[in-house]
Amino acid sequence: MTQRDERLVLVDGSSYLYRAYFALPALTSRDGEPTGALHGVLNMLHKLLAEEAGERIAVVFDAPGRTFRDDLFERYKAHRPPMPEELRAQREPLKEAIAALGVPVLEVDGVEADDVIGTLAARAAGPVLISTTDKDMAQLVDERVELLNTMSGSRLDAAGVREKFGVPPAAIRDYLALVGDTSDNIPGVPKVGPKTAAKWLNEYGSLEALRERADEIRGKVGESLRAHLDELPLSYDLATIRCDLELDLQPGELRRSAPDTEALRRLYRRYDLRRLLAELEAEAPAADDPEGDPDPDPEVAYTLVRDEAELGAWLEQLEAAEAFALDLETDSLDYMSAAIVGLSVAVAPYRAAYIPVGHTGEGASPQLGLERVLERLRPLLEAEAPQKIGQNLKYDMSVLAGYGVALRGVAYDTMLESYVLDATATRHDLDSLAAKYLDVETVTYEQLCGKGAKQIPFAEVDLERAGHYAAEDADIALRLHRHLYPQVSAEAGLQRVFTALEMPLLPVLSRVERHGVRVDRQVLERQSGELAERMGEVEARAHEAAGEAFNLASPQQIQAILFERMGLPVVQRTPKGQPSTAEAVLEELSAQGHELPRLILEHRSLAKLKSTYTDKLPQLIHPRTGRVHTSYHQAVTATGRLSSSDPNLQNIPVRTEEGRRIRKAFVAEPGCRLLTADYSQVELRIMAHLSGDSGLLEAFARGADIHRATAAEVFGVERASDEQRRAAKTINFGLIYGMSAWGLGRQLGLPRDQAQRYIDRYFERYPGVQAFMERTREQARQRGYVETVLGRRLYLPEIGSRNRQRREYAERTAINAPMQGTAADLIKRAMIDVDAWLAEAGSEARLVMQVHDELVLEVPEGELDAVAARVRELMGGADGGALRVPLELELGVGGDWEEAH
DNA sequence: TAAGGAACGTAC
DNA sequence: GACGTACGTTCCTTAA
């Protein structure tokens, strides 16, 4: 008997399931069932079976339901995060597949996988290999027991444990009790990481000894240790894996049997596990297979275009195509400064070409020149036909515009296809989409060029490799489009959002970004100077009040001074349990008569303005244009809004007087003025429309001051006071966000029951609104998504969660998203229409910013009246008559943004 | 020194 | 816990 035969292999199925779920992209089968974790764990298991396992093996899972650890947690009021729904769904199919592979699956009621494995390992007479991703298992290692992480390939014996953790296996429980483990909910001691824990254990010998001599440890870490001494036994208990369970196992339960290939085939098909299916067919071909094998990837044919003849041949193909995919390779991510290094195109799946034009590395010649290539391509690029397909084409369009090429026929952006299909997907980049939808592992930029200090410019990468990478991007974009667009066009609403809104908006955003907004450097520099001076004064006073110097920007130091040294009451805690020093807390303390919190608040607000705005914006003024060029991101938010970065122009201060001054630096060119146009109460209007509430609709129809009208209803008065109006405004906003009575009360400084009475009264007066909210929640539950008036969808997988917090969060999102999203759709429509009109009318005016419900234009003085009138019409009509409420606008004009409001 | 998370604060 | 959507800065810890 060889070692492999007698050795027992124990697989920690639960740890792999979790790890694979979080590590791998969210793959789904054709039917939309999540399969990422299935993929990952089965691949891992195949590898393990091929390389390590003999006859004796079992895969162990945590039992569903309560375990004795849950009882422990409960006693100490901790809670375990529930298993994500998408993960839970993959558990049973995974167990089925493992069983079909002939590998025993163990699950013991009331016990976690760790403990079953610990017990089996302790009982085994011979060598044991534990396959897990969980570092806690290191405590089980000895001369007989070894760990293997099959995913990373790392192997741990006793020496390895010592090397990795700095302590021997026997000390791992002590170590874990100190360091803690968020995934296992072991509290540990704050501020103590792996290094400190190992140092202590080596110095004092054991946790017990350390506890006794905790007084000797100096510094913050020592304080932290002493503060948490009482919790150490709990941490130790939680970290301890049981090795003495009474398990009632039959001998055969740890032995492999013959795989059930029919069952495997069925499972692999059902969950779209193509690679595994292909392997299975290769090993055990089906006798009769009606569906046939899935096609293996045909050989890709990527061409490197380096001479006129080849270029000519490709141009012919492009001209003949109805659509082709296009992708630029450049030397920068910044669209304003990027230089083109090469272009790739794809006309059919697996058929793509790369045209290098700016490569400098060895073997880069022969190579066509950029001028020449653009000259040949220009007619195609500037024509509406053929249609252009690509990933994030706004970038390519902006870069080409820098070369005087006006890209037209931008018809399909795969990033936007993905976004419209599921805005909540965290990533819409090409590599993620390729993995998720095509099951293709693409070459990443990082793999090609490295990262950090070792990164080399794309232009210097070996041309063959660069060419393959670049051509692949175009190829993948084309294939993705063919995969995604049918899904988009299958739903009328999604099709509308994509074709009528997102795609037409793309070139508009490119133009807005490239045009930029003029920012006056001197105004900001002057303000920075003033802010610095005031911060110095406040800082000095704060240090004096505190009796010591400290960093006013450090919440941790503030916390230590206010709550530990000065003993002020802790008003609120951060999610991590630290006493919060947030604004509301300091306001409260300040109201109790303490001076220091007020000074900290003042310093914070000054520091924020200086670092985020007056210092940062001047750095982003483009040297060539003297303007700031933001990036608007079209595939980021869950609701359909745009977002803005580098810089974010959508959070420039406006609420306070001193913050608002920053807007004075946003100016118009000489001879121009800034025109601002804001939708008035747009989300409330949309709520009126969606709910169809007659009272609310009527109030908007007669042009009432909506907050005052609400106040009159809620407070039952003829004419509401300003104070009542303010409260009503808070209620109105709260409704849009799904606020609770508790939240409203806090906001208004009222007791909860009082706030609840206001809400009750509101719903009494506007019953349609309450019905709408219930309807929306119900729809979300029934269909799993909510939608905007135009048909944009937002999926809410957690709407049926058993976890109340998650479920209620999903419910609030469900209520907010149709309103926020419809408003987003409206202003997108308006931007498209305004941009089109400006071009058509030959106006010199330009859109320069979008801030969710506001458009800012830079307008030649002579055109002001005409542009203002037309903008009002276009924005007011952006709903195309779909809303039963009027859309009202507030317009303003000024030399700078502050003045224009 | 880099990377990532926590806390905080700005906008709509 | 408790109000939706974003982005950016600073501090701080850990790892390299």
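Nothing here was measured: the structure is a model prediction, and the numbers come from that model. Residue numbers begin at 1 in each chain, while the letters A, B, ... track the order of the sequences.
- Among the atoms of the strands shown, only primed sugar atoms or phosphate atoms (P, OP1, OP2) are found under 4.0 Å from some heavy atom of A:Arg812.
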Let me see the working for A:Tyr758 and A:Tyr762 under ring pair (Phe, Tyr, Trp, His ring centres under 6.0 Å), right down to the final yes or no.
-> CA-CA 6 Å; A:Tyr758 287 176; A:Tyr762 182 98; over 10 Å; no
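- For A:Ala878, the side-chain contact (heavy atoms from CB on, under 4.5 Å) criterion is met by A:Tyr679, A:Leu826, A:Arg829, A:Ala830, not counting sequence neighbours.
- Counting heavy atoms of neighbouring residues, nucleotides and ligands inside a 6.0 Å radius, atom CZ of A:Arg427 does not exceed 12 of them.
- To the nearest angstrom, C1' of C:dT5 lies 14 Å from CG of A:Asp825.
- In this structure, A:Tyr809 reaches the sugar-phosphate backbone alone: every heavy-atom distance under 4.0 Å involves primed, P, OP1 or OP2 atoms, never a base.
- Using P as the reference atom, B:dG5 and C:dC3 are 26 Å apart when rounded to the nearest Å.
- When the P atom is used for both B:dA6 and C:dA2, the distance is 16 Å, rounded to whole Å.
- Taking atom CD of A:Glu683 as the reference point, atom C1' of B:dC12 lies 7 Å away to the nearest angstrom.
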Show the atom names and distances, to 0.1 Å, of all donor-acceptor pairs under 3.5 Å that link a side chain in residues 735-746 of chain A to residues at least two apart or in another chain.
residue: A:Ser740; atom: OG; partner: A:Trp742; partner atom: N; Å: 3.4
residue: A:Ser740; atom: OG; partner: A:Gly743; partner atom: N; Å: 3.1

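- Within 4.0 Å (heavy atoms only), A:Phe733 reaches no atom of the nucleic acid at all.
- The salt bridge (charged side-chain N to carboxylate O under 4.0 Å, His left out) check on A:Arg604 picks up nothing, with sequence neighbours excluded.
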If you look only at distance, which donor and acceptor atoms sit under 3.5 Å apart when one is on a side chain in residues 549-561 of chain A and the other is two or more places apart or in another chain?
residue: A:Asn551; atom: OD1; partner: A:Ala553; partner atom: N; Å: 2.8
residue: A:Ser554; atom: OG; partner: A:Gln556; partner atom: N; Å: 3.4
residue: A:Ser554; atom: OG; partner: A:Gln557; partner atom: N; Å: 3.1
residue: A:Gln557; atom: OE1; partner: A:Asn551; partner atom: N; Å: 2.9
residue: A:Gln559; atom: NE2; partner: A:Gln578; partner atom: OE1; Å: 3.1

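- The side-chain contact (heavy atoms from CB on, under 4.5 Å) check on A:Lys616 picks up A:Gln619, A:Leu620, with sequence neighbours excluded.
- Taking the side-chain contact (heavy atoms from CB on, under 4.5 Å) definition, one finds that A:Gln527 meets it with A:Val523, A:Thr614, A:Arg661, A:Ile662, sequence neighbours left out.
- Between A:Glu808 and A:Thr813, the one whose closest nucleotide on DNA chain C sits nearer the 5' end is A:Glu808.
- Residues A:Leu857 and A:Val848 fail the side-chain proximity criterion, which asks for heavy atoms closer than 4.5 Å.
- In this structure, A:Glu798 atom CD and C:dG1 atom P are separated by 17 Å, rounded to whole Å.
- Residue A:Ser580 has no polar side-chain atom (N or O) positioned under 4.0 Å from OP1 or OP2 of B:dA7.
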Taking Watson-Crick and G-U wobble pairs with both distances under 3.5 Å, convert DNA chain C into its dot-bracket string, 5' to 3', dots for unpaired and | for cross-strand pairs.
-> ...||||||||||||.
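- Looking at A:Arg604, its side chain has no donor and acceptor atom pair within 3.5 Å of the base of B:dC8.
- Between A:Arg641 and A:Ser645, it is A:Arg641 whose nearest contact on DNA chain C lies nearer the 5' terminus.
- Among residues two or more places apart in sequence or in another chain, the salt bridge (charged side-chain N to carboxylate O under 4.0 Å, His left out) test is passed with A:Arg812 by none.
- For A:Glu602, the side-chain contact (heavy atoms from CB on, under 4.5 Å) partners two or more places apart in sequence, or in a different chain, are A:Arg534, A:Val538, A:Leu606.
- The ring pair (Phe, Tyr, Trp, His ring centres under 6.0 Å) test applied to A:His594 returns no partner, not counting sequence neighbours.
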What string of B, S and - do you get for nucleotides 9-16 of chain C, 5' to 3', when a contact is any protein heavy atom under 4.0 Å?
-> SSSS-SS-
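- Residue contacts for A:Ile652: at a heavy-atom cut-off of 4.0 Å it reaches the sugar-phosphate backbone alone, with no base atom in range.
- For residues 745-759 of chain A, proximity to DNA chain B is found at no residue, defined as any non-hydrogen atom under 4.0 angstrom from a strand atom.
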